[in-house]
There are 2 protein chains.
Amino acid sequence: MIDPPDQPHTLETLTAALRAAGIRVTRQRAALLRVLAQAVDHPDAPELQKRAEGDVPGISLSTVYRTLATLEAQGVVLRHQFDGTSARFEPAQSTESGHHDHMIDVDTSEVIEFCSDRIEQLQAEIAAELGYEIVHHRFELYVRKARARD
Amino acid sequence: MIDPPDQPHTLETLTAALRAAGIRVTRQRAALLRVLAQAVDHPDAPELQKRAEGDVPGISLSTVYRTLATLEAQGVVLRHQFDGTSARFEPAQSTESGHHDHMIDVDTSEVIEFCSDRIEQLQAEIAAELGYEIVHHRFELYVRKARARD
DNA sequence: GCTTTCTTGCAAATCATTCGCAACTGGCTT
DNA sequence: AAGCCAGTTGCGAATGATTTGCAAGAAAGC
Ligand SMILES: [Mn+2]
Ligand SMILES: [Mn+2]
Ligand SMILES: [Zn+2]
Ligand SMILES: [Zn+2]
């Protein structure tokens with residue numbers, strides 16, 4: 001797991017960190033890092049492949065999956081498994097705020113990010129009360145636009 | 001979707017409700033309903049098949065999956081997709097308290113149930129604030145036994 | 001530049017879950 | 001009690017996202 005960034009991770013610091021971890025920064029990995037850094041959404045593997053082909057024309061889907069697994073293991077990307085869809089990815093420090101959770105509009109599939117310190121706080125308390133500490137969590141709200149209040 | 005139970009669902013009321021919904025209560029479905037009602041854990045499909053074979057020796061895995069899908073559509077069972085495992089199931093009103101969420105011990109795979117009104121409350125507020133209403137949610141804590149405080 | 005080791009692309013394999021279909025059977029109708 | 005028939009079942013084959021084996025290719029370090 002790569003050290004928490006002193007400066008926000010730039011492509012350069014990231015590349016260096018990976019290399020230091022004995023992970024070669026190949027053209028395909030560099031491309032995926034760039035594509036992920038630019039993503040404002042939560043793309044899946046085929047979509048990332050499509051976007052990376054701008055940099056590396058023949059990049060294979062296997063490589064995309066393998067790279068995502070590697071980057072996930074390094075703590076550089078996050079994998080989300082929303083209901084009934086294939087895995088979606090995002091850079092680990094997407095929002096500089098760091099951690100956030102997701103709302104999925106069940107009608108449009110739009111993904112909305114949010115974060116509640118209160119909830120994060122409560123989670124820890126609940127776990128602690130039962131004698132556990134949280135390793136990670138999954139918190140997803142499947143929502144629908146509210147009917148206008150009448 | 002079957003009406004919320006006036007009395008807690010017994011096998012009898014459930015059977016009647018299903019029949020009323022035009023769903024035949026076959027031997028295999030009755031067996032699965034019983035097995036689910038007795039489950040104190042969160043079994044997956046092959047495990048449910050194993051347990052149902054006491055009642056219906058040759059019950060097929062396809063039927064187990066099909067029945068679970070049917071019961072889920074009727075709001076009688078819940079399907080959980082915990083990280084990296086196959087789907088697990090439980091009766092919808094498992095705890096009479098009704099809704100609850102889950103903690104998964106990442107070391108032992110043990111599943112612990114919990115419920116926090118505060119968190120349920122906050123969820124609704126967060127969604128409402130963004131103009132949404134919650135259809136359903138997924139809230140899972142992946143945990144590890146806390147190191148004894150020293 | 002040369003070597004070693006890690007990576008890639010391709011095709012084939014996984015694996016949980018779903019499906020097609022012919023045989024079967026609940027539950028209602030006579 | 002017997003018959004009917006749409007809903008169900010068991011079987012095997014299909015799915016589809018993700019993973020893997022392997023031979024050829026390319027980062028780093030020397
Ligand atoms: Mn996000
Ligand atoms: Mn439960
Ligand atoms: Zn969170
Ligand atoms: Zn909840």
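Just so it is clear, the model here is predicted, and its values are computed rather than measured. In the text below, chain A, chain B and the rest are named by the order of the sequence lines, each starting its count at 1.
Atom-to-atom, CG of B/D44 to P of C/dA16 comes out at 9 Å; the value is rounded to the nearest Å. Atom pair B/L61:CG and D/dT9:P shows a separation of 13 Å (rounding to whole Å applied). Atom OH in B/Y65 sits roughly 15 Å away from atom C1' in D/dA14 (whole-Å rounding). Atom C1' of nucleotide D/dG25 and atom CD1 of A/I59 are separated by 15 Å, given to the nearest angstrom. When rounded to the nearest whole Å, the span between CD of B/Q81 and P of C/dT18 equals 10 Å. Atom CG of A/L18 and atom C1' of D/dA28 are 14 Å apart (whole Å). One atom, CG of A/L68, and another, P of D/dT20, lie 14 Å apart when rounded to the nearest Å. One can place CZ of A/R66 at 15 Å from C1' of C/dT14, the figure rounded to the nearest angstrom.
Look at A/R29 and you won't find any side-chain N or O under 4.0 angstrom from OP1 or OP2 of C/dC6. Residue A/S60 places none of its side-chain N or O atoms closer than 4.0 Å to OP1 or OP2 of C/dT8. Put simply, B/Q28 has no side-chain N or O that comes within less than 4.0 Å of OP1 or OP2 on C/dT25.
Panel note: side chain A/R138, backbone A/H80; no donor-acceptor pair is recorded below 3.5 Å. Here the side chain of B/Q49 pairs a donor or acceptor atom with the backbone of B/I59 at under 3.5 angstrom. Judged purely by atom type and a 3.5 angstrom limit, B/R29 uses its side chain to pair as donor or acceptor with the backbone of B/R24. At distances below 3.5 Å, not a single donor-acceptor pair connects side-chain atoms of B/Y132 with backbone N or O atoms of A/Y142.
Across all strands shown, A/S86 has heavy atoms under 4.0 Å from sugar-phosphate atoms exclusively, and none from any base. In this structure, B/A87 reaches the sugar-phosphate backbone alone: every heavy-atom distance under 4.0 Å involves primed, P, OP1 or OP2 atoms, never a base.
Between the side chain of A/S62 and the base of D/dT20, a donor-acceptor pair under 3.5 Å is found.
In terms of the side chain to side chain donor-acceptor pair (under 3.5 Å) criterion, A/D117 has no residue partners (sequence neighbours excluded). Residues passing the side chain to side chain donor-acceptor pair (under 3.5 Å) test with A/Q38 are A/R34, sequence neighbours excluded.
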Sub-3.5 Å pairs of nitrogen or oxygen atoms, protein against nucleotides 27-30 of chain C:
from, atom 1, to, atom 2, distance (Å)
C/dG27, OP1, B/R19, NH1, 2.9
C/dG27, OP1, B/V25, N, 3.2
C/dG27, OP2, B/R19, NH1, 3.3

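Residues A/F114 and A/L141 form a side-chain contact, since some pair of their non-hydrogen atoms from C-beta on lies under 4.5 Å apart.
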